[in-house]
Amino acid sequence: MASVLPPSLVRVAPVEAAAGLLARVVPPRRRRLLAVVGLLVLLALLAGVATGTAPRRDYVTGLWPIALGSIAMLLAPVRARLLVCSCVALISGLAVLLASVPDALALGFAPIAVLVVWAASAVLARSDGARPELRTDADLRRYFAAALLAGGIAAAGAATTYLLVGTGDPARAALGFGAATAASHLYLAPLFLRLPAPGAMARTGERVVQWVAVVVVTPVLLLPDGSISLAFLVIPLLAWAALRATPAEAVTQVVGVLGLALTLTSLDRGPFADVPSRYGLPGDYRGVLLSAFAATCAVIVVPLVVRVGEYVGAAAASAAERDLVRGIVDGATGIAIIGTDPFGVITLFNPGAERLLGYRADEVLGKHASALHTPEAIRDKAAELGVDDGFRTVVEAVVGRRLVGTPIRFLRHDGVERTHAMTLSKLTVAGTTSGFVSTSEDITDQLDTEQALRDALETERRAVERLREVDAVKERFVSTVSHELRTPITSIVGYLEMLADGTLGVVPRHQVEALLRVQSNSHRLLALIDDLLVLSRVAEAGIRPHEEPFDLRDAVRTALDVVAPTGQPPRSLQLEVTLPEVPVPTYGDREMVERMIVNLVGNAVKFTDDGGSIAVTVGLDDGAHRSLLRVSDTGIGIPIEEQHQLFTRFFRSSLAESRAIPGSGLGLAIAQAVAEQHGGSIALTSRPGEGTTVEVHLPVRPGMSKIQLPLEQRPARDLAGPT
Ligand code: ADP
């Protein structure tokens, strides 16, 4: 509910109802204006009462409500302030006139009142234009400064006016008017400033008792024309309200008590009424004493209200913070949070610690935290940190070095040790150690897994090393055996040739046939040995020793000469060779590349039935960065499920086996090794019964085209035979 009235008043039920009614009836824009007008009317009324009822009419009474003018100035929009000042001047002048003093005095008091409200409102106003507060020490300082400044201006103004007019005693006028103005700001301003928000600390019962006490005791103390000091006994009751009731209640009670004192004094009743005659003082001293009483009430109650408000606010904030921290600590069930006092005695053991360490909190609270570790764990940690053995030294080292997540072994309730990653913090209050808090999580499983992984990797590394060794031994063995076999078999083949062609004498016809078979098988054996030697050479030494520039077209021609020496493909197969017009510069081991092409074209010939066709194509690919050699046939193809093994040594497809097509199963492995050693690649696609295509990509070296290619270039069709 928006209200023109301060929240302190709004919390008082009848005021709340009135404010509610006002809020419904008055449009929001007008409310502020209405409040200002209301304050000025109230000022006029109370000022009239204050001066009109003053017993000796040459002085104003003690409770001069000029602070209402200051508040009106505070609330008024900037453009209306001049008007407010004029009203304040008018009201003050008229009110002073009521006191039947010389008119010149009234003329003097009008500008003083304007100066007072202007200065007090300027001190109270906030730079951001919001309604001033009375909640902090700084607010209190402003509040007292405004009251003192207002009082000072009023005192100085009154003395000057009296001096100028030449009537009465300027000093007494200064005292009376200054005290009344200051007191007025002290007890009225809190009604319109924002007071601390917290509610009452006392329960309803206590508040009712307090209200009853104030309502009953105040008249008892103020009604009789007793001693003035009795009136001050009401202050403890007001302080009670300040400490235990709401701020609005406390301030309302102050205003109520002072209102009663003013009314009684105006009616010539109560302890302040006959002060001058009883103590032989000048008449205006009753006003001064009344102001002193009002100021005392306000000076005691207002700071108390502010302090209690601050305290309650801070207590609520720290309770909320404590609840939050408690919630986090209790909710962190995966983390052990253990708190100790400065001596290491456990004072906090959260549910996470209970879960991870297996103790109930009540089992460990009050015990020393070292009980949660074995002596060995502490010794190991001390050794790791390089400090003397001992719980205390380890704690100091971990805290001092600000270690985060440092591993340390905790002893569980069941006697099992678990490794935690722990962070230890020291708590200090005003520079003194008030305790320690450790937060830790169990990382044993994580460490075990890491160790297992490390072990597995080590085992795997050893196995790979061993396999490499085995592989190397095997390669060496195959290479040696092949070398050793090649020489005698070459000799056997030579002798067989001589036997077969009759150089060593005539051999009967039936023996020639046998010799030819032996010769054929010896050739196969020789081819196998050659393949093995090539493979081991490529695998072991690479091809670097034999690198040279050459034209890929020439390598294709030479290879085709081997497969089809007559220029015609063997059997009734069609061979189509497509070579580009320009050289295809390649750099590497030409002999090896030729062997690769022989293997690929040889396979195409072997695995294509009579009547099929074979196509060999050379070209440039990938923006002339790579050369392409494609060998495709319309042969028997390779079963799909076997194709993944094609480049494995000694692999032969089930089709090749079932048709007894000879071969070692090394040709594709050699082709792949050669392509890769040249920085290229090989890929095979095949469909059973339809044919096979092998594509080899080799890099074209930059600048290669400039190399003088030594070989003579022949047109493709010379070699290709029928196309
Ligand atoms: P091989 O000496 O048996 O030809 P390769 O390594 O050259 O050995 O080939 C391995 C196997 O791949 C062959 O046995 C054959 O089953 C299959 N293969 C290779 N090229 C072809 C092809 N062009 N057509 C059908 N099958 C092929």
Side-chain angles (χ1 to χ4, degrees), residues 475 478 482 485-486 489 520-539 555-556 559-560 562-564 569-578 591-618 628-677 680-697 720:
E475 293 280 353
V478 171
S482 308
L485 282 175
R486 200 173 194 286
I489 290 178
S520 148
N521 279 324
S522 301
H523 274 297
R524 282 179 61 185
L525 209 53
L526 205 57
L528 174 65
I529 289 167
D530 279 352
D531 280 351
L532 282 172
L533 281 172
V534 166
L535 252 186
S536 68
R537 188 178 132 205
V538 174
V556 170
L560 289 178
V562 175
V563 183
R571 308 205 319 270
S572 50
L573 292 171
Q574 285 204 337
L575 178 62
E576 183 183 310
V577 181
T578 311
E591 197 189 314
M592 283 298 154
V593 173
E594 282 173 5
R595 180 174 281 277
M596 173 181 77
I597 302 170
V598 167
N599 284 351
L600 298 180
V601 180
N603 277 351
V605 170
K606 265 198 301 186
F607 298 109
T608 306
D609 292 332
D610 284 349
S613 61
I614 296 159
V616 179
T617 310
V618 171
L628 168 69
L629 166 74
R630 185 186 297 123
V631 180
S632 38
D633 62 56
T634 55
I636 60 172
I638 304 157
I640 306 282
E641 64 281 5
E642 296 175 11
Q643 287 182 11
H644 66 281
Q645 309 177 64
L646 281 175
F647 297 100
T648 313
R649 290 176 193 187
F650 303 110
F651 167 74
R652 311 207 64 244
S653 77
S654 53
L655 279 177
E657 292 284 2
S658 63
R659 287 170 167 240
I661 299 170
S664 63
L666 290 173
L668 283 180
I670 289 173
Q672 186 187 41
V674 171
E676 285 175 359
Q677 286 285 355
S681 61
I682 185 167
L684 185 147
T685 48
S686 179
R687 293 183 78 83
E690 290 180 20
T692 303
T693 297
V694 184
E695 284 190 348
V696 177
H697 279 99

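Ligands are counted one by one from 1 in listed order, and the atoms in each one are counted from 1 as well. Fair warning: this is a prediction, and the values are worked out from it, not measured in the lab.
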>> If the condition is salt bridge (charged side-chain N to carboxylate O under 4.0 Å, His left out), which residues does E676 pass it with, not counting sequence neighbours?
In response: none

> Out of curiosity, is G635 lining ligand 1, as in a heavy atom under 4.0 Å away?
Replying inline: no

> How close does the nearest protein non-hydrogen atom get to atom 10 (C) of ligand 1, and which residue and atom is it?
Replying inline: F651 O, 3.2 Å

> To the nearest 0.1 Å, how far is atom 3 (O) of ligand 1 from its closest protein heavy atom, and which atom is that?
Replying inline: R652 NE, 3.1 Å

> Is a side-chain donor or acceptor of S653 paired with a backbone partner of A656 at a separation under 3.5 angstrom?
Replying inline: yes

>> Within the 4.0 Å heavy-atom shell around A656, which atoms of ligand 1 are there?
In response: 14 (O), 16 (O)

> Side chain of S632, backbone of T692: donor and acceptor closer than 3.5 Å?
Replying inline: no

> How long is the gap from NE2 on H644 to CG on L646, to the nearest 0.5 Å?
Replying inline: 9.0 Å

> Which of these, E642, E641, R659, sits in a side chain to side chain donor-acceptor pair (under 3.5 Å) with S654?
Replying inline: E642

> Any idea which protein heavy atom is nearest atom 27 (C) of ligand 1, and the distance to it?
Replying inline: F607 CD1, 3.5 Å

>> Just to check, does N599 reach to within less than 4.0 Å of ligand 1 when the distance is taken from its heavy atoms?
In response: no

> atom 12 (O) of ligand 1: which protein heavy atom is closest, and how many Å away?
Replying inline: L646 CD2, 3.6 Å

> Which atoms from ligand 1 have a heavy atom of G667 less than 4.0 Å away?
Replying inline: 5 (P), 6 (O), 7 (O), 8 (O)

> What is the nearest protein non-hydrogen atom to atom 16 (O) of ligand 1, stated with its residue, atom name and distance?
Replying inline: S653 OG, 2.7 Å

> For ligand 1, is there an N or O atom under 3.5 Å from any N or O atom of G663?
Replying inline: no

>> Please determine whether any non-hydrogen atom of K606 lies less than 4.0 Å from an atom of ligand 1.
In response: yes

> Would a distance-only check, ignoring hydrogens and angles, find a side-chain to backbone donor-acceptor pair under 3.5 Å from Q643 to I638?
Replying inline: yes

> Could an N or O of ligand 1 be found under 3.5 Å from any N or O of I638, whether backbone or side chain?
Replying inline: no

> So, for L684 and S686, which heavy atoms are closest and what is the spacing to 0.1 Å?
Replying inline: CD2-CB, 3.8 Å

> For the side chain of D633 and the backbone of T608, is there at least one donor-acceptor N/O pair under 3.5 Å apart?
Replying inline: no

> When you measure from atom 6 (O) of ligand 1 to each heavy atom in L668, I670, I661, which option holds the nearest one?
Replying inline: L668

>> Tell me the protein heavy atom at minimum distance from atom 19 (C) of ligand 1, and give that distance in Å.
In response: N603 ND2, 3.5 Å

>> Under a 4.0 angstrom heavy-atom cut-off, which atoms of ligand 1 come close to L666?
In response: 6 (O), 8 (O)

> Which protein heavy atom lies closest to atom 23 (N) of ligand 1, and at what distance to 0.1 Å?
Replying inline: D633 OD2, 2.9 Å

>> Nearest 0.5 angstrom please: R630 CZ to T693 OG1, how far?
In response: 7.5 Å

Kindly list each side-chain donor-acceptor pair under 3.5 angstrom involving residues 660-671, sequence neighbours excluded, with atom names and distances?
| residue | atom | partner | partner atom | Å |
| --- | --- | --- | --- | --- |
| S664 | OG | D531 | OD2 | 3.4 |
| S664 | OG | L666 | N | 3.2 |

